[in-house]
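Reminder, nothing fancy here: chain letters follow the sequence lines and each chain counts from 1.
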There are 2 protein chains.
Amino acid sequence: MVTQGRPLRADAERSVRAILEAAEKVLAANPAASLEQVAEAAGVARTTVHRRFANRQALVDTLVTTVMDQLDAVIDAANPDTAPPLVALHQVTASVLRLKLGWPFAMTESFAPDSRWSERQHHTATRCVTLLARAQTTGHIAPDADLDWTCKVYYALIGEAAHNTTEPDPDLLATKVITTLLHGAGPRS
Amino acid sequence: MVTQGRPLRADAERSVRAILEAAEKVLAANPAASLEQVAEAAGVARTTVHRRFANRQALVDTLVTTVMDQLDAVIDAANPDTAPPLVALHQVTASVLRLKLGWPFAMTESFAPDSRWSERQHHTATRCVTLLARAQTTGHIAPDADLDWTCKVYYALIGEAAHNTTEPDPDLLATKVITTLLHGAGPRS
DNA sequence: GCTAACTGCAACAGTGGTGTCGCAGATGTT
DNA sequence: AACATCTGCGACACCACTGTTGCAGTTAGC
């Protein structure tokens with residue numbers, strides 16, 4: 001019934017964590033899954049889910065907000081405004097891939113179009129474009145490149161890379177993503 | 001109640017078409033929309049929808065099958081096995097984009113993972129890889145390129161290009177997709 | 001150890017979508 | 001013109017999910 005009140009007792013905190021992790025797993029497999037399935041996966045009664053989260057929406061919001069906070073932190077950690085562009089790009093990519101592998105549902109939801117997150121989405125996209133612009137100044141991206149398009153392509157490549165089941169190493173995946181982003185599939189000169 | 005029986009009367013045929021087109025529109029905007037919303041958009045009573053399509057699934061199946069047939073036809077028309085690879089690739093891309101702009105829901109559904117269409121999906125992916133392999137022999141794609149990955153990237157680029165609202169010309173979009181696929185965002189040598 | 005908080009369980013009401021039916025009237029086919 | 005088909009409408013049963021409540025029993029914190 002309540003999403004956030006005063007500090008929770010230890011067992012309630014444990015329930016919240018279990019529910020969030022179960023929700024991530026269950027909703028990743030089936031975004032339309034019922035809260036009962038989430039409760040079952042969390043090893044918790046359905047009523048407990050409703051006690052901790054007023055709505056399905058409140059649950060998803062928490063999931064998304066959590067992962068978006070992590071995303072911000074992870075981007076900050078790569079120093080996208082000061083580090084060499086390609087280094088920052090690689091680090092961001094690897095970190096984001098790690099995040100996406102661990103929180104596929106929340107990450108997908110975070111980037112869903114027409115959602116309640118458009119402001120933060122836009123903010124993140126702006127940071128992405130800024131980083132790409134820096135890579136442009138160093139000559140790694142063509143001066144006439146359409147950075148909005150490049151950013152979308154970048155997102156899409158990350159999404160595809162995260163689906164890759166054969167190669168689970170985020171660093172290698174990041175290399176593949178960036179190589180593809182910069183040079184495509186054509187022969188390198 | 002019945003999906004396909006004997007030949008339909010002219011007005012029934014009209015209803016079927018109206019329902020399919022309305023379903024495409026409504027479900028593109030909201031994949032979880034109710035059949036009532038579809039009926040309303042089609043200018044038809046809800047019961048009529050159920051008379052023409054036993055299930056929601058039957059309705060979606062028809063939509064997907066129709067668009068997949070068109071997809072096959074459109075690929076055939078580009079002569080992917082005989083035409084110069086890049087020409088075929090461009091033509092396929094433009095045609096697929098046209099299809100995706102007109103049937104966004106059905107196309108998205110057609111390529112959804114873990115769906116009932118995996119065989120046809122796989123067949124299409126195989127044709128895609130075959131075409132890419134031909135582009136490899138002509139030197140447009142690197143000899144050591146991962147064609148499965150390239151195919152996925154190609155799909156993703158088409159998906160992103162179809163979201164592009166500023167440039168509605170499929171031919172220009174196709175050029176952008178292929179340029180990006182082959183050369184990425186980096187400076188061309 | 002006392003108290004407040006938390007949990008599972010069972011029960012309940014409410015909601016929205018689905019699928020079916022019959023009927024009266026309209027529409028097409030011949 | 002006659003007939004079969006199709007339609008809208010209203011009604012119905014059904015189902016799954018949601019959200020709430022009360023209660024008895026457990027657990028955490030002071």
Taken to the nearest whole Å, CD/A:Glu13 to P/C:dT7 is 11 Å
Is a salt bridge present between B:Asp69 and B:Arg120, judged by a nitrogen-to-oxygen distance below 4.0 Å?
yes
Is any side-chain N or O of A:Arg52 closer than 4.0 Å to OP1 or OP2 of C:dT7? yes
On DNA chain C, more 5' by nearest nucleotide between B:Thr47 and B:Arg9 is B:Thr47
Taken to the nearest whole Å, CD/B:Glu40 to C1'/D:dT7 is 17 Å
Checking C:dT18, D:dT18, C:dC6 against the side chain of A:Asp11 (C-beta onward), the nearest is C:dC6
note: A:Ile19, atom CD1; C:dT7, atom P; distance rounded to Å ~ 7 Å
d(B:Gln121 CD, B:Arg116 CZ) to nearest 0.5 Å is 11.0 Å
Quick note, A:Thr48 side chain, CB onward, closest among C:dT18, C:dG8, C:dC6 is C:dG8
The nucleotide from C:dT29, D:dT18, C:dC6 with an atom nearest the side chain of A:His50 is D:dT18
Discussion item. Please confirm whether the shortest side-chain N or O distance from A:Arg56 to OP1 or OP2 of D:dG19 is below 4.0 Å.
Written reply: no
Quick one: does A:Arg51 reach the base of C:dG8 with a side-chain donor-acceptor pair under 3.5 Å?
yes
Report task. Considering just the side-chain nitrogens and oxygens of B:Asn55, establish if one lies under 4.0 Å of OP1 or OP2 belonging to C:dT18. Result -> no
Per nearest nucleotide of DNA chain D, the residue lying toward the 5' end, B:Val44 or A:Glu36, is B:Val44
Review point. For A:Pro80, does its backbone N or O pair with a side-chain atom of A:Arg134 as donor and acceptor, under 3.5 Å?
Key: yes
Rounded to whole Å, the CG-P distance (B:Leu35 to D:dC15) equals 18 Å
ask   = Is it true that B:Asp169 and B:Lys176 make a salt bridge, defined as a side-chain N closer than 4.0 Å to a carboxylate O?
value = no
Using only modelled atom types and a 3.5 angstrom limit, is any donor from either the side chain of B:Arg46 or the base of D:dG10 paired with an acceptor on the other?
no
Rounded to whole Å, the CZ-P distance (A:Phe53 to C:dC6) equals 13 Å
To the nearest angstrom, the CG-P distance between A:Asn30 and D:dA16 comes to 15 Å
When every non-hydrogen atom of B:Trp103 is compared with those of B:Glu24, the smallest separation belongs to C-OE2, 3.3 Å
Rounded to whole Å, CG of A:Leu8 lies from P of C:dC6 at a distance of 6 Å
When rounded to whole Å, the CZ to P distance for the pair B:Arg14 and C:dT27 reads 10 Å
